[in-house]
Amino acid sequence: MDRFLVKAAVGGLKRRMEQEQTGGAGLSWRRIQAEGLDCDYTVLFGKAEADEIFQELEKEVEYFTGALARVQVFGKWHNVPRKQATYGDTGLTYSFSGLTLSPKPWIPVLERVRDRVSLVAGQTFNFVLVNRYKDGQDHIGEHRDDERELAPGSPIASVSFGACRDFFFRHKDSRGKHPSRRLAVVRLQLAHGSLLMMNHPTNTHWYHSLPVRKKVLAPRVNLTFRKIRPTTK
DNA sequence: TAGGGCCCAATTGT
DNA sequence: AACAATTGGGCCCT
């Protein structure tokens with residue numbers, strides 16, 4: 001059996017055990033797979049609980065302002081088309097637009113979501129990036145998450161609240177004017193209260209984006225939990 | 001009419 | 001030191 005199959009089997013077993021631990025709630029998972037792409041999707045929080053968490057996120061999360069909310073692209077400065085914040089374990093640092101920053105210390109609502117994700121994913125996380133999209137005009141372009149910052153092989157857990165948004169994966173060799181390969185775009189919708197587990201090696205082969213959707217009028221808050229490497233010096 | 005998808009424009013950091 | 005990452009606007013298609 002190759003190591004991917006072994007990993008899948010272990011993941012499946014873990015998941016089954018945790019479903020039992022969650023009181024037999026029996027989360028139903030959707031497996032999303034393509035060449036080098038391995039994700040699991042479920043709705044983690046029912047509407048009432050998701051509503052409550054969303055409200056608390058809206059009340060408590062403090063987003064970057066000023067220079068940290070701007071970016072230079074092709075010589076022109078822009079406000080990033082979303083709001084961002086980072087929270088995590090004390091003592092951690094990460095790099096962001098050429099700076100070394102510390103995440104803000106965890107707040108209760110983020111710990112609550114983190115702990116639920118840890119339970120069902122069988123993984124721990126020491127960091128979360130919060131992205132707030134005020135409406136369908138807010139978006140994020142195609143990118144991969146910075147792997148040098150991540151613990152090798154660790155998954156990224158993406159939890160969504162608020163407006164349902166389309167979400168795309170595009171293979172790294174299928175981008176640009178002259179793609180060397182033509183793999184289909186993988187399209188998902190990320191619903192209120194949902195969890196998308198992006199398992200290794202998804203992030204090494206596939207870019208992801210949240211496209212503009214002009215018909216969407218409501219805000220969405222997304223939490224991506226990660227395990228980032230402790231800073232060594 | 002307008003939403004959506006694709007391409008293009010420089011500079012900076014790694 | 002080669003290469004990757006970042007956004008908005010213009011064009012085209014439906």
Side-chain angles (χ1 to χ4, degrees), chain A residues 32 34-37 63-86 88 92-103 127-156 158 160 162-191 196 198 200-233:
Chain A
I32 296 128
E35 181 186 310
L37 184 150
Y63 294 95
F64 294 154
T65 57
L68 290 179
R70 290 177 69 74
V71 64
Q72 192 184 25
V73 183
F74 285 90
K76 290 181 187 166
W77 286 93
H78 305 279
N79 295 320
V80 295
R82 60 189 168 276
K83 286 183 168 177
Q84 301 184 296
T86 59
L92 279 183
T93 60
Y94 68 101
S95 49
F96 184 82
S97 59
L99 305 170
T100 298
L101 301 178
S102 298
F127 181 89
V128 64
L129 171 65
V130 185
N131 277 288
R132 182 180 190 275
Y133 304 89
K134 70 177 184 304
D135 58 29
Q137 306 270 18
D138 273 4
H139 63 281
I140 189 165
E142 279 185 5
H143 68 285
R144 290 179 291 180
D145 295 324
D146 187 355
E147 297 191 332
R148 294 160 315 168
E149 307 260 313
L150 297 172
S154 63
I156 295 167
S158 169
S160 298
C164 182
R165 292 288 295 266
D166 288 343
F167 183 82
F168 294 168
F169 284 105
R170 187 190 302 271
H171 193 276
K172 66 178 189 324
D173 298 339
S174 298
R175 305 168 66 245
K177 196 176 182 180
H178 303 293
S180 60
R181 309 181 61 200
R182 294 184 178 265
L183 299 178
V185 174
V186 175
R187 297 174 148 86
L188 305 176
Q189 292 195 310
L190 303 182
L196 177 70
M198 290 185 271
H200 189 72
T202 304
N203 188 51
T204 49
H205 301 298
W206 295 77
Y207 285 68
H208 54 273
S209 64
L210 191 88
V212 169
R213 284 294 175 264
K214 301 207 175 183
K215 293 171 189 164
V216 174
L217 304 177
R220 167 176 182 264
V221 175
N222 178 71
L223 313 176
T224 50
F225 293 93
R226 302 136 193 264
K227 183 179 283 187
I228 67 172
R229 301 156 56 151
T231 325
T232 52
K233 63 165 190 175

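To find a chain, count down the sequence lines: A is the first, B the second, and so on, and within it residues start at 1.
Spacing between atom NZ of A:K177 and atom C1' of B:dA9 amounts to 14 Å, rounded to whole angstrom units. In this structure, NE2 of A:H78 is placed 15 Å from P of B:dA9, rounded to the nearest angstrom. Between the CZ atom of A:R182 and the P atom of B:dC6 there is a distance of 11 Å, rounded to whole Å. As a whole-Å value, the separation of A:R175 CZ from B:dG5 P is 16 Å. Counting to the nearest Å, the P atom of B:dA2 and the CD atom of A:Q137 are 13 Å from each other. If you measure from atom CZ of A:R187 to atom C1' of B:dG4, you get 10 Å, rounded to the nearest angstrom. Between the P atom of B:dG13 and the CG atom of A:L101 lies a distance of 14 Å, rounded to the nearest Å. In this structure, the CD atom of A:E149 is 15 Å from the P atom of B:dG13, given to the nearest Å.
From A:H78, atom NE2 reaches atom CZ of A:R70 across 9.0 Å, with rounding to the nearest 0.5 Å. Between the CD1 atom in A:I156 and the CZ atom in A:F127 there is a gap of 10.5 Å [rounded to 0.5 Å].
Aromatic ring pairs are classed by plane angle as parallel below 30°, tilted from 30° to 60° and perpendicular above 60°; the pair A:H171 and A:H205 is parallel.
For the pair A:T224 and A:D145, the minimum side-chain heavy-atom distance is 4.5 Å or more. With contacts defined as side-chain heavy-atom distances shorter than 4.5 Å, the pair A:E149/A:R226 does not qualify. With contacts defined as side-chain heavy-atom distances shorter than 4.5 Å, the pair A:R181/A:S174 qualifies.
Of all nucleotides in DNA chain C having an atom under 4.0 Å from a heavy atom of chain A, the first and last in 5' to 3' order are C:dA5 to C:dG8.
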Between A:V186 and A:L37, does a side chain to side chain contact (heavy atoms under 4.5 Å, CB included) hold up when you go through it step by step? CA-CA 9 Å; A:V186 175; A:L37 184 150; 4.2 Å; yes
Show your working on side chain to side chain contact (heavy atoms under 4.5 Å, CB included) between A:I140 and A:H208 and close with a plain yes or no. CA-CA 9 Å; A:I140 189 165; A:H208 54 273; 6.0 Å; no
One pair to check against side chain to side chain contact (heavy atoms under 4.5 Å, CB included): A:D146 and A:Y94. What are the steps and the verdict? CA-CA 10 Å; A:D146 187 355; A:Y94 68 101; over 6 Å; no
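A:Y207 comes within 4.0 angstrom of the backbone, heavy atoms only, and of no base. Within the nucleic acid shown, A:R82 comes within 4.0 Å of sugar-phosphate atoms alone, with no base atom in reach, counting heavy atoms only. Using a 4.0 Å heavy-atom distance criterion, A:N79 is classed as a sugar-phosphate-only contact.
Side-chain nitrogen and oxygen atoms of A:K215 include none within less than 4.0 Å of the OP1 or OP2 phosphate oxygen of B:dG3. Dashed line: the shortest gap from a side-chain N or O of A:R170 to OP1 or OP2 of B:dC6 is under 4.0 Å.
Judged by distance alone, the side chains of A:S160 and A:R220 do bring a donor and an acceptor atom under 3.5 Å apart.
Heavy-atom distances to DNA chain B give each of A:F74 and A:L99 a nearest nucleotide, and the one nearer the 5′ end belongs to A:F74.
Nearest nucleotide to the A:Q72 side chain, out of B:dT12, B:dC7, B:dC6: B:dT12.
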Would you write the dot-bracket representation of DNA chain B, where each base gets (, ), [, ], | or . depending on whether it forms a Watson-Crick or G-U pair under 3.5 Å and with which partner? .|||||||||||||
